[in-house]
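All remarks here apply to the structure that follows.
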Amino acid sequence: MNHVKRDHGVVWSADYTSYRESLPPLLESAALIDELASHRTVLIKPNLVEDLDPPITTHVDLVEALVDYILQHYPDIKIIVGEGTGALEYDTFYCFEQLGYTKLRDRAQLLDLNIEPCRRLTNDRCSRWPEMYLPKLLFDCFLISVPVLKAHSLCRVTLTMKNMMGCAPPAHYQQGGAWGKSSFHLRLDEAVFDLNRYRTPDFTVIDAAVGMAKAHLWGPTCSPPVGKIVASYDPVAVDAHGTALLKKSWKDIGHIRMANGILGRAEPIDVRELTLA
């Protein structure tokens with residue numbers, strides 16, 4: 001089961017100057033350290049869909065700043081940086097190496113979620129995934145999703161709820177396609193919604209420093225750059241706010257619309273803008 005979400009409808013937002021400068025005040029405002037007090041393991045889930053440079057993928061410097069912030073307060077907590085790339089030509093560790101994540105090995109365990117032992121789950125309310133296989137680890141940790149602000153060529157945006165697709169193992173969700181999670185492309189919004197019914201992030205940090213304006217793997221970046229870092233305990237609220245930053249309406253995004261009122265709140269949301277000294 002998902003952890004109980006706090007602060008439904010609340011999103012914290014800070015201007016981006018650098019990850020080291022902008023992230024700590026954001027996390028302090030969200031009282032993340034208080035939330036972690038009862039947890040022994042934190043799983044940080046970036047978006048490393050392929051070995052492509054940021055802002056297509058999550059910048060390692062943001063994840064490093066997050067790891068160091070947590071360890072500063074809880075030096076004995078176990079931190080795992082886990083992802084399951086969608087590429088079939090290489091594994092997730094190749095992404096870790098190409099995108100600089102190996103520098104975190106002295107502070108965090110790097111894990112390929114594509115090959116982790118899975119738990120079989122069922123939910124009769126899920127029409128797309130009444131049965132689902134997900135890594136057991138997801139249910140024994142505090143899960144922090146760290147996606148990038150991006151438009152998407154199929155479902156219009158990819159933010160924190162869609163970032164959870166990296167947790168779906170190709171052994172169950174490739175189904176002969178050209179991509180490790182190919183079966184998600186059938187009724188994609190419904191597939192993302194059902195996935196999050198099994199497990200949503202406990203906390204989200206969206207890197208909106210730049211943003212991808214048209215698609216998730218190609219095309220122009222946002223011009224001018226969005227220049228924000230945003231955070232929330234509510235995956236629906238933060239995705240609705242991220243959608244607005246991309247100048248779209250959450251009401252046009254199928255998986256956000258389906259999740260509204262069930263997994264969180266898309267409207268009204270309380271966006272708390274931080275002023276950095």
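Note that the structure is predicted; figures quoted are calculated from it, not measured.
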Where do Asn47 and Pro147 come nearest, in terms of heavy atoms and distance? CB-CA, 4.4 Å
Whether the side chain of Thr92 engages the backbone of Thr85 through a donor-acceptor N/O pair (distance < 3.5 Å, no angle test) should be reported. yes
Distance in Å, Lys45 NZ paired with Cys167 SG, rounded so as to fall on 0.5 Å steps: 5.5 Å
Where is the tightest heavy-atom contact between Glu50 and Leu217, given as atom of each residue plus distance? OE2-CD1, 3.9 Å
is_close_aromatic(Trp129, Phe193), centroid dist under 6.0 Å: no
If Ile, Leu, Val, Met, Phe, Trp and Tyr residues are connected whenever their side-chain heavy atoms lie under 4.5 Å apart, and connections chain through other members, are Leu66 and Val60 in the same group? yes
Is there a side-chain contact (heavy atoms from CB on, under 4.5 Å) between Phe203 and Leu143? Walk through the geometry before answering. CA-CA 7 Å; Phe203 188 70; Leu143 175 57; over 6 Å; no
Can you find a heavy atom in the side chain of Cys95 that is under 4.5 Å from one in the side chain of Gln98? no
Does Leu43 reach the side chain of Lys78, with side-chain heavy atoms less than 4.5 Å apart? no
N/O donor-acceptor pair under 3.5 Å between Trp12 side chain and Ala231 backbone: no
I want to check something: taking the side chain as every heavy atom from C-beta on, are Trp218 and Leu52 in contact at a cut-off of under 4.5 Å? no
Does the ring centre of Tyr133 sit less than 6.0 Å away from the ring centre of His172? yes
Check ion pair Asp270-Arg272 (N to O, under 4.0 angstrom): yes
Are Leu186 and Met132 connected in a single hydrophobic cluster, I mean Ile/Leu/Val/Met/Phe/Trp/Tyr linked by side-chain heavy atoms less than 4.5 Å apart? no
Determine whether the aromatic ring centres of residues Tyr173 and Phe184 are separated by less than 6.0 angstrom. yes
Main-chain N/O of Arg125 paired with Arg197 side-chain donor or acceptor, under 3.5 Å: yes
Path from Leu36 to Val10 over hydrophobic side-chain contacts below 4.5 Å: yes
Determine whether Met165 and Asn196 make a side-chain contact, defined as any pair of heavy atoms from C-beta on separated by less than 4.5 Å. no
Between the main-chain N or O of His216 and the side-chain N or O of Lys150, is there a donor-acceptor pair closer than 3.5 Å? yes
Give me the atom names and distance for the closest heavy-atom approach of Asp194 to Tyr198. O-CD1, 3.2 Å
Shortest non-hydrogen pair, Val148 vs Ile56, comes out as CG2-O, 4.4 Å
How many angstroms lie between CG in Leu32 and CG in Leu27, if you round to the nearest 0.5 Å? 5.5 Å
When the aromatic ring centroids of His241 and Trp250 are compared, is their separation below 6.0 Å? no
Using only atom types and a distance under 3.5 Å, with no angle test, would you say the side chain of Glu83 pairs donor to acceptor with the backbone of Leu48? yes
Using a strict 4.0 Å threshold on nitrogen-to-oxygen distance, state whether Asp61 and Lys103 make a salt bridge. yes
Exceeds 12 heavy-atom contacts within 6.0 angstrom, atom CG of Asp124: no
A side-chain contact here means heavy atoms from C-beta on lying under 4.5 Å apart; do Tyr233 and Thr200 qualify? no
Smallest separation among heavy atoms of Leu113 and Gly84, with atom names: CB-N, 4.1 Å
Within this structure, what is the OG-CG distance for the pair Ser145 and Asp202, rounded to the nearest 0.5 Å? 10.5 Å
Show the numbers, then the answer: is there a salt bridge (Lys or Arg N to Asp or Glu O under 4.0 Å) between Arg257 and Asp252? CA-CA 7 Å; Arg257 194 171 61 247; Asp252 296 327; 5.7 Å; no
Return yes if some donor-acceptor pair links the side-chain N/O of Asp239 with the main-chain N/O of Met161 below 3.5 Å, else return no. yes
Between Thr58 and the options Leu99, Asn163, Val146, Val205, the side-chain contact (heavy atoms from CB on, under 4.5 Å) test singles out Val146
Could you tell me whether Arg40 atom CZ has more than 12 heavy atoms of other residues or ligands within 6.0 Å of it? no
Closest non-hydrogen contact found for Ser22 with Ala14 is O-CB, 4.1 Å
Could you tell me whether Lys228 and Glu273 have a side-chain N and a carboxylate O separated by less than 4.0 Å? yes
Would you call Arg120 and Glu131 a salt bridge, using N to O less than 4.0 angstrom? yes
Between the side chains of Asp234 and Arg265, is the shortest nitrogen-to-carboxylate-oxygen separation below 4.0 Å, so that they form an ion pair? no
Strictly distance-based, threshold 3.5 Å: is any side-chain N or O of Tyr90 a donor or acceptor partner for the main-chain N or O of Asp51? yes
I'd like to check Phe142 versus Thr41 (side-chain heavy atoms, cut-off strictly below 4.5 Å). Are they in contact? no
Can you find a heavy atom in the side chain of Ile77 that is under 4.5 Å from one in the side chain of Ile70? yes
Test of understanding: clusters of I, L, V, M, F, W, Y form through side-chain heavy atoms closer than 4.5 Å, transitively. Do Leu26 and Leu71 belong to the same one? yes
Decide whether Ile115 and Val49 are clustered together by the hydrophobic rule: side chain heavy atoms of Ile, Leu, Val, Met, Phe, Trp, Tyr closer than 4.5 Å, transitively. no
State, with a plain yes or no, whether a side-chain heavy atom of Val157 is found less than 4.5 Å away from one of Lys248. yes
Out of curiosity, Thr221 OG1 to Leu149 CG, how far, rounded to the nearest 0.5 Å? 11.5 Å
In Å, rounded to the nearest 0.5 Å, how long is the span from CD1 of Ile144 to OG1 of Thr204? 9.0 Å
Angle between ring planes, Phe96 versus Phe93, binned at 30° and 60°: parallel, tilted or perpendicular? perpendicular
Go through Gln174 and Lys181 one step at a time and tell me if the side-chain contact (heavy atoms from CB on, under 4.5 Å) criterion holds. CA-CA 5 Å; Gln174 180 198 353; Lys181 329 281 178 169; over 6 Å; no
Which value, rounded to the nearest 0.5 Å, describes the distance between Leu110 atom CG and Glu97 atom CD? 9.5 Å
Can we call the ring centroids of Tyr19 and Tyr16 under 6.0 Å apart? yes
Residues Met258, Leu263; criterion side-chain contact (heavy atoms from CB on, under 4.5 Å); working and verdict: CA-CA 9 Å; Met258 294 173 195; Leu263 301 179; over 6 Å; no
Could you walk me through whether Asp207 and His59 pass the side-chain contact (heavy atoms from CB on, under 4.5 Å) test, one step at a time? CA-CA 8 Å; Asp207 184 355; His59 204 299; 4.3 Å; yes
Check whether Arg107 reaches the backbone of Val67 with its side chain - one donor and one acceptor, N or O, closer than 3.5 Å. no
Before giving the answer on salt bridge (Lys or Arg N to Asp or Glu O under 4.0 Å), spell out for Lys136 and Glu116 the whole-Å C-alpha distance, their side-chain angles and the decisive distance to 0.1 Å. CA-CA 8 Å; Lys136 295 177 182 178; Glu116 277 296 290; over 6 Å; no
